[in-house]
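The structure follows.
All values below come from the heavy atoms of this structure, side chains included, with hydrogens, waters and symmetry mates left out. Numbers restart at 1 for each chain; the letters A, B, ... are given by sequence-line order, proteins then strands.
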Protein chains: 2
Amino acid sequence: MTRLRAGNLAQGCEGMMERFRVWARADGDFGLCPVRSVLDRIGDKWTTLVIIALAQRTHRFSEIRRAIPDISKRMLTQTLRDLERDGLVARRVFATKPPSVEYRLTELGHSLLEPLTALILWAEKTQPRIAMARTEFDNAAPLAV
Amino acid sequence: MTRLRAGNLAQGCEGMMERFRVWARADGDFGLCPVRSVLDRIGDKWTTLVIIALAQRTHRFSEIRRAIPDISKRMLTQTLRDLERDGLVARRVFATKPPSVEYRLTELGHSLLEPLTALILWAEKTQPRIAMARTEFDNAAPLAV
DNA sequence: AATACTCGGTCTCATTGTGAGACTAATGGA
DNA sequence: TCCATTAGTCTCACAATGAGACCGAGTATT
């Protein structure tokens, strides 16, 4: 279950390059790689934030919206539908008035938390360096061509 | 309250929930968390693919385009500029005619490969289950409300 | 010698994606 | 009585993106 942890990857990611070469087919085209359809979902602007919200506990629709104030209803609905379609989130409707709908991570959704956390930890760790790089870049002379 | 079964996640994810709670501020709003600005970049449609391409070796502009056939020049330029600005990619211009420009990952860029690989391995592993979930969802009756 | 092609872009324009906010209907609270 | 609440959907305006023309100088083809 925890194969992905330190031991395998920490050493400098041997085998990783090999995998990258497999994903990139011989002709250098990895445009059709099936991983892409999944990364497209994860790489969505809102998906990660919604998953982090649901990682904490089951949320109702409006609770997620309050947790992510700048997501529109429209995009939250769409993001949740996509996540439900992919089997990462489960939707449960209570026939109350006004309506009540609960969203929670499925087991599959939970399994994403580990790699996602690794990524977020990286973001957290490198955030100062990236901020510095941005400042430098913005202060530098325009691009040489 | 919390249906989240922390035990299932353990084995490497302790403290993760705590971290999520920190990212989500007390009022449940993690909209302004600095991690977000970094995730926004990683969560870009093309960024991941470009990084995977560059993980293999230094590429010239047109080589990347051939590796990712459906990226437009416009978006490739923009993605590379953003990555350069963030200090993940280095750009090197050779004053030849026609021009020649090399892109490679910086050390910071390389440091992203480990968590990124974890994510891609997850995608690779779960891809069949996700594909199945999608099919099920699409064949199921329309949403109950 | 004239033509075409290459490179790494930038530019315009059409299409697509997204955000803001109105609207819903039944209920509880002021 | 009036308004807020709920989980959406709908429309409209605006932002992001993709397609493809265009660039200039040197090299290759004709």
- Non-hydrogen side-chain atoms of Arg134(A) and Asp86(B) separated by less than 4.5 Å: yes
- Message: Can you measure Arg92(B) atom CZ to dG9(C) atom P for me and round it to whole angstrom units?
- Response: 15 Å
- Rounded to whole angstrom units, what separation is found between the CZ atom of Arg65(B) and the C1' atom of dA19(D)? 11 Å
- Within the pair Trp46(B) and dA16(D), is there a side-chain N or O less than 4.0 Å away from OP1 or OP2? no
- Item | Ile68(B) CD1 to dG18(D) P, straight-line distance once rounded to whole Å | 12 Å
- Name the closest nucleotide to the Tyr103(B) side chain, picking from dG9(C), dG8(C), dC7(C). dG9(C)
- Task: Round to a whole Å and report the spacing from CG of Asp44(B) to C1' of dA16(D).
- Result: 11 Å
- Message: Using whole Å, what does the distance between atom P of nucleotide dG21(C) and atom CG of Leu76(A) come to?
- Response: 17 Å
- Query: Is the closest side-chain heavy-atom distance between Arg57(B) and Glu63(B) below 4.5 Å?
  - Reply: yes
- Met75(B) side-chain proximity, nearest of dG24(D), dG18(D), dT18(C): dG18(D)
- Task: For the side chain of Gln78(A), starting at C-beta, report the closest nucleotide among dG8(D), dC7(C), dT18(C).
- Result: dT18(C)
- Side chains of Asp44(A) and Asp40(A): closer than 4.5 Å at any heavy-atom pair? no
- Item | Distance test, side-chain N/O of Arg81(B) to OP1/OP2 of dG9(C), below 4.0 Å | yes
- Message: Taking the minimum atom-to-atom distance to the side chain of Phe61(B), which one of dC7(C), dG9(C), dG19(C) wins?
- Response: dG9(C)
- Heavy-atom side-chain contact between Phe94(B) and Val101(B) under 4.5 Å: no
- Message: OP1 or OP2 of dT17(D) versus the side-chain N and O atoms of Ser72(B): is any pair under 4.0 Å?
- Response: no
- If only side-chain N and O atoms of Arg91(B) are considered, is one of them under 4.0 Å from the OP1 or OP2 phosphate oxygen of dG9(C)? yes
- Query: Can a side chain N or O of Arg74(A) be found less than 4.0 Å away from OP1 or OP2 on dA20(C)?
  - Reply: no
- Message: What's the closest nucleotide to the side chain of Lys97(A) if the choices are dA7(D), dG8(C), dT27(C)?
- Response: dT27(C)
- Message: Rounded to whole Å, please give me the gap between CD1 in Ile64(A) and C1' in dT6(D).
- Response: 14 Å
- Message: With heavy-atom distances below 4.5 Å as the criterion, would you say the side chains of Leu83(A) and Leu105(A) are in contact?
- Response: no
- Select from Lys73(A) and Leu80(B) the residue whose nearest nucleotide in DNA chain C is closer to the 5' end of that strand. Leu80(B)
- Task: Would you kindly give the CD1-to-P distance between Ile71(A) and dG21(C), to the nearest whole Å?
- Result: 16 Å
- Figure out the NZ/C1' separation between Lys45(B) and dT16(C), and round it to whole Å. 10 Å
